[in-house]
Every structure is written in C-alpha cells, then in structure tokens.
*Asks:* 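Take a look at the following structure, please.
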Amino acid sequence: MTFMLMMSKNDNKASMNWQESLIKWFAGNHRELPWRWTGDPYDVLVSEFMLQQTQVATVIPYFHRWKHVFPDIDSLARADQSEVLKLWEGLGYYSRARRLHECAKSVVASGGKLPGDYESLLKLPGIGSYTAAAIASLGFGQRVAVVDGNVLRVRARMLADSSDITKSEVKKRYFKELNELIRDVSDVSSFNQGMMELGALICRPREAICVECPVRQWCLGHSTGTALEYPRKPAKASRPCYDVSVGLIFHDGKYLILRRSPEQMLGGLWEFPGGKVEPGESHEECVVREVLEETGLDVEIVRKVGAVKHAYSHFGIEMHAYICALRGSSEVVCERPWAWVESNEFGKYAFPKANHKVFELLKQQGVI
DNA sequence: AAGTCGGGGGA
DNA sequence: TCCCCAGACTT
C-alpha cells in the first residue's frame with residue numbers, strides 16, 4: 001500500500017525516467033519566448049524558419065517585426081517578395097525567406113490550413129526533417145522527435161557516443177532512437193523543447209553545467225567525466241578568401257544598384273555592380289571590366305572609398321569599393337533588374353551585410 | 001553523402 | 001580567429 005502510494009506520486013527520481021525528469025525541468029526552467037505557447041501554428045512556422053541555423057536571441061526582434069507586418073499566413077502569402085526580403089535583411093540564409101514565402105503561398109492555395117502531420121509538412125518548401133517535426137510536435141502535439149544541433153549534442157554526451165554527428169546516417173539513427181524513447185512520454189512538445197533548451201542552457205557546446213542537469217544520472221558523459229569530449233566532429237577545411245571590387249556609379253545624384261537573381265546566393269537582394277578580381281588584374285581594372293560586363297556602362301574610377309572584409313560560411317571576401325563616373329552614355333543594358341537610387345533611398349532595398357559595411361564607410365566619409 | 005548557403009555571438 | 005547556432009536543398 002505504501003509502495004503503491006509512492007509510485008503513484010511519481011516524484012521520486014528513482015521512479016522517473018530521464019524523459020520525464022527533462023520534462024519536469026523544462027516546465028520550471030525554460031525561457032519565455034514570443035512564439036512559445038501562443039497556440040498559433042503560424043507562430044511555430046515562422047519561428048522555426050527563422051531559427052534554422054540561427055540563435056534564439058538573434059531571432060526575437062525579427063520575429064516581432066515579422067508578426068507586426070505579416071500577422072497571419074494569408075498576409076504573408078499576399079506579400080511581395082521584395083517586402084519579405086526586406087524584413088529578413090540581416091538575418092542571413094535568404095533562401096529561408098523565399099521558401100517561407102513559397103510555403104505560405106502553397107498552404108493558402110490549398111485551403112489556408114497548415115497541415116499538422118510530419119509527412120505532409122515535409123512536402124512543403126523549406127521544411128525538412130527538423131522543421132516538420134518541430135511544427136508537428138510543438139504546433140500540433142504529434143508524437144515525433146526533433147533532431148537539431150542541440151539534440152545531437154545532448155544525446156552524444158548522454159551515450160558517450162563517438163559517432164560523427166555530421167553524418168546523415170548518425171542523424172537518422174538518433175531520430176529513430178528518439179522516436180522510440182518518446183513513445184510513452186507525458187508531453188511530447190515539452191520533451192522536444194526541453195531537449196533543445198537543455199542544449200542551449202545547460203549542455204552547451206563548450207560548457208556543460210552538469211550540476212544543474214536534470215538527466216545527469218542517466219548521462220554516461222557525466223558519469224565518466226568526458227561530456228565535453230562529445231560530440232566528435234571532423235576538422236573543418238580552411239576557407240578561401242577572394243578579392244572583390246564594386247563600383248559606386250554616381251550620376252545625376254543617384255547610384256546604380258542591381259538585383260541578384262533569385263537562384264543565386266543572396267538571391268533577390270540588391271548590390272552594387274562588381275565582382276571577383278581576376279588573376280593579374282588590378283582592383284580598378286576589375287571595377288571597370290565588371291561594370292561594363294554587367295551594365296554596359298563605360299566608367300572611370302574617381303576615387304577609392306575603402307575596403308571591407310566579410311566572412312561567409314565557406315569563404316571570405318575583401319570588398320574594395322570605388323566611386324565611379326560615367327564616361328559615356330547612362331543607358332544601362334542589363335538582364336537583371338536595376339535601379340538608380342539616391343543614397344537616402346538605400347533603406348528601401350534589401351542589401352547583404354557586405355554592402356552595409358560599405359555604407360558605413362560612406363557615412364564615415366560624409367559621402368552619404 | 002558531400003557541398004552550399006549568411007550572419008551573429010561567445011570564447 | 002574559430003566554432004556553433006531550434007537546417008534545407010542540390011548534385
């Protein structure tokens with residue numbers, strides 16, 4: 001009788017599995033986030049797209065602005081891509097913005113209701129295994145496990161598993177195992193969020209605060225003192241750095257900007273004409289050549305504005321910027337969309353980060 | 001299965 | 001600097 005009573009109370013650690021211990025910890029220790037517990041699957045959709053490879057703190061202000069402009073999936077579906085990209089400006093991975101837009105249009109076209117099951121979500125643009133599982137479980141309570149960078153790290157440490165978590169085979173194995181482990185959990189949404197919150201707050205990449213961890217008694221990494229040795233990852237290749245030159249063509253009070261084509265890197269964003277410096281070529285020659293190739297304009301260098309460095313995922317660039325003047329006609333010949341804009345109109349267009357660094361140079365010099 | 005895509009933040 | 005972040009998609 002006493003024994004039964006003890007078990008039914010379920011507050012004895014020995015009677016609780018690690019999944020329930022995690023859920024309990026999450027209930028009392030999670031951060032309050034603007035998209036949590038709103039009850040609106042659209043909030044889960046938007047936040048999950050923004051959170052792909054992006055930290056929570058970075059996303060929060062973008063999420064607020066987004067909800068203000070696009071409060072629901074219909075308003076997003078009706079929007080112009082330029083407006084969508086402008087709101088995404090600075091968040092990175094711009095294909096996410098285009099795909100979220102496409103996703104919204106697709107959902108609205110087929111009735112306006114976001115599907116709640118993993119398999120249907122997986123078919124939508126921009127939604128892969130992680131996001132499908134997140135929306136299905138956090139938004140609709142479906143019993144499916146999320147596997148993101150946090151989850152992989154937490155589980156690799158719990159199991160003291162030396163597998164390379166960047167391999168797709170390992171991710172699949174973890175996904176399968178976790179779906180078994182959540183078969184009987186009391187709250188799938190809290191379990192999934194708890195795994196990610198644990199990774200963000202306790203079981204962090206370079207620091208593991210095991211003394212505060214709700215699953216430490218089930219963690220092999222902790223019991224053997226090797227938690228920080230996991231997950232194991234292969235050494236990354238060093239990234240090349242390219243020299244790039246751009247021309248700020250000033251004519252009639254305006255600058256010429258071009259829009260990048262949608263399928264490119266940074267697709268749909270605007271930039272100054274320019275490109276990679278070729279072997280044996282000077283930066284100045286590069287500007288003149290690139291401007292001619294891209295716009296058909298014949299220009300000469302007026303002066304150098306300066307250079308900015310910028311790092312992308314797989315390479316870096318040093319962008320040299322030059323003020324240019326037209327030598328001949330101002331007639332632009334260009335397949336891509338282009339525009340002459342005054343410097344106080346730059347804010348209307350979405351530019352990549354490297355271009356913003358050039359704007360900063362121009363401001364410092366009082367040019368704009 | 002590997003390569004590619006951005007930018008920010010922390011150590 | 002380097003690493004990592006609530007990954008998805010193409011080849």
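Proteins come first, then strands; the chains are lettered A, B, ... in the order of their sequence lines, and each starts at number 1.
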*Asks:* By the definition salt bridge (Lys or Arg N to Asp or Glu O under 4.0 Å), identify the one residue from A:Arg155, A:Lys167, A:Arg173 that meets it with A:Asp161.
*Replies:* A:Arg173

*Asks:* Does A:Thr54 make a side-chain donor-acceptor contact with the base of B:dG6, cut-off 3.5 Å?
*Replies:* yes

*Asks:* Name the residue closer to the 5' end of DNA chain B, choosing between A:Lys357 and A:Glu169 according to the nucleotide with the nearest heavy atom.
*Replies:* A:Glu169

*Asks:* Looking only at the side chain of A:Gln53 (C-beta and beyond, no hydrogens), which of the listed nucleotides B:dC5, C:dA6, C:dG7 gets closest?
*Replies:* C:dG7

*Asks:* From the options C:dC9, C:dA6, B:dG6, select the nucleotide whose nearest atom is closest to the side chain of A:Val56.
*Replies:* C:dA6

*Asks:* Measuring from the side chain of A:Thr58 (C-beta onward, heavy atoms only), which nucleotide among B:dG9, C:dA6, B:dG7 has the closest atom?
*Replies:* B:dG9

*Asks:* For the side chain of A:Arg206, starting at C-beta, report the closest nucleotide among B:dG10, B:dG6, C:dA6.
*Replies:* B:dG10

*Asks:* Check the phosphate of C:dC9 against A:Arg96, side-chain N and O only, distance under 4.0 Å to OP1 or OP2. Yes or no?
*Replies:* no

*Asks:* Please walk me through it: do A:Glu180 and A:Arg183 pass salt bridge (Lys or Arg N to Asp or Glu O under 4.0 Å)?
*Replies:* CA-CA 5 Å; A:Glu180 296 297 326; A:Arg183 194 169 291 277; 3.3 Å; yes

*Asks:* In this structure, would A:Phe49 and A:Val146 fall into the same cluster of hydrophobic residues linked by side-chain contacts under 4.5 Å?
*Replies:* no

*Asks:* In whole angstrom, give the distance that lies between atom NZ of A:Lys171 and atom P of C:dC9.
*Replies:* 13 Å

*Asks:* Counting heavy atoms from C-beta on, name the nucleotide in B:dT4, C:dA6, B:dG7 closest to the side chain of A:His314.
*Replies:* B:dT4

*Asks:* Take the protein atom CE of A:Met50 and the nucleotide atom C1' of B:dG8, then report the distance between them rounded to whole Å.
*Replies:* 15 Å

*Asks:* Check every atom of C:dC5, B:dC5, B:dA11 against the side chain of A:Pro205 and return the nucleotide holding the closest atom.
*Replies:* C:dC5

*Asks:* Kindly point out which of B:dC5, B:dG8, B:dG10 is positioned nearest to the side chain of A:Gln55?
*Replies:* B:dG8

*Asks:* Is it the case that C:dG7 (base atoms only) and A:Thr131 (side chain only) share a donor and an acceptor within less than 3.5 Å, ignoring hydrogens and angles?
*Replies:* no

*Asks:* Does A:His310 put a side-chain nitrogen or oxygen below 4.0 Å from OP1 or OP2 of B:dG7?
*Replies:* yes

*Asks:* Enter the distance from A:Cys324:SG to A:Glu284:CD here, rounded to the nearest 0.5 Å.
*Replies:* 10.0 Å

*Asks:* Do the side-chain N or O atoms of A:Tyr93 get closer than 4.0 angstrom to the phosphate oxygens (OP1, OP2) of C:dC9?
*Replies:* no

*Asks:* For C:dG7, take OP1 and OP2 only and decide whether either is under 4.0 Å from a side-chain N or O of A:Gln52.
*Replies:* no

*Asks:* Name the closest nucleotide to the A:Asp148 side chain, picking from B:dG6, C:dG7, C:dC5.
*Replies:* C:dG7

*Asks:* Picking from C:dA6, B:dT4, B:dG6, which would you name as closest to the side chain of A:Arg36?
*Replies:* C:dA6

*Asks:* Which comes earlier along DNA chain B counting from the 5' end, the contact point of A:Arg204 or that of A:Lys167, where each point is its nearest nucleotide?
*Replies:* A:Lys167

*Asks:* Can you confirm whether A:Trp270 sits close enough to A:Arg260 that some side-chain heavy atom of one is under 4.5 Å from a side-chain heavy atom of the other?
*Replies:* no

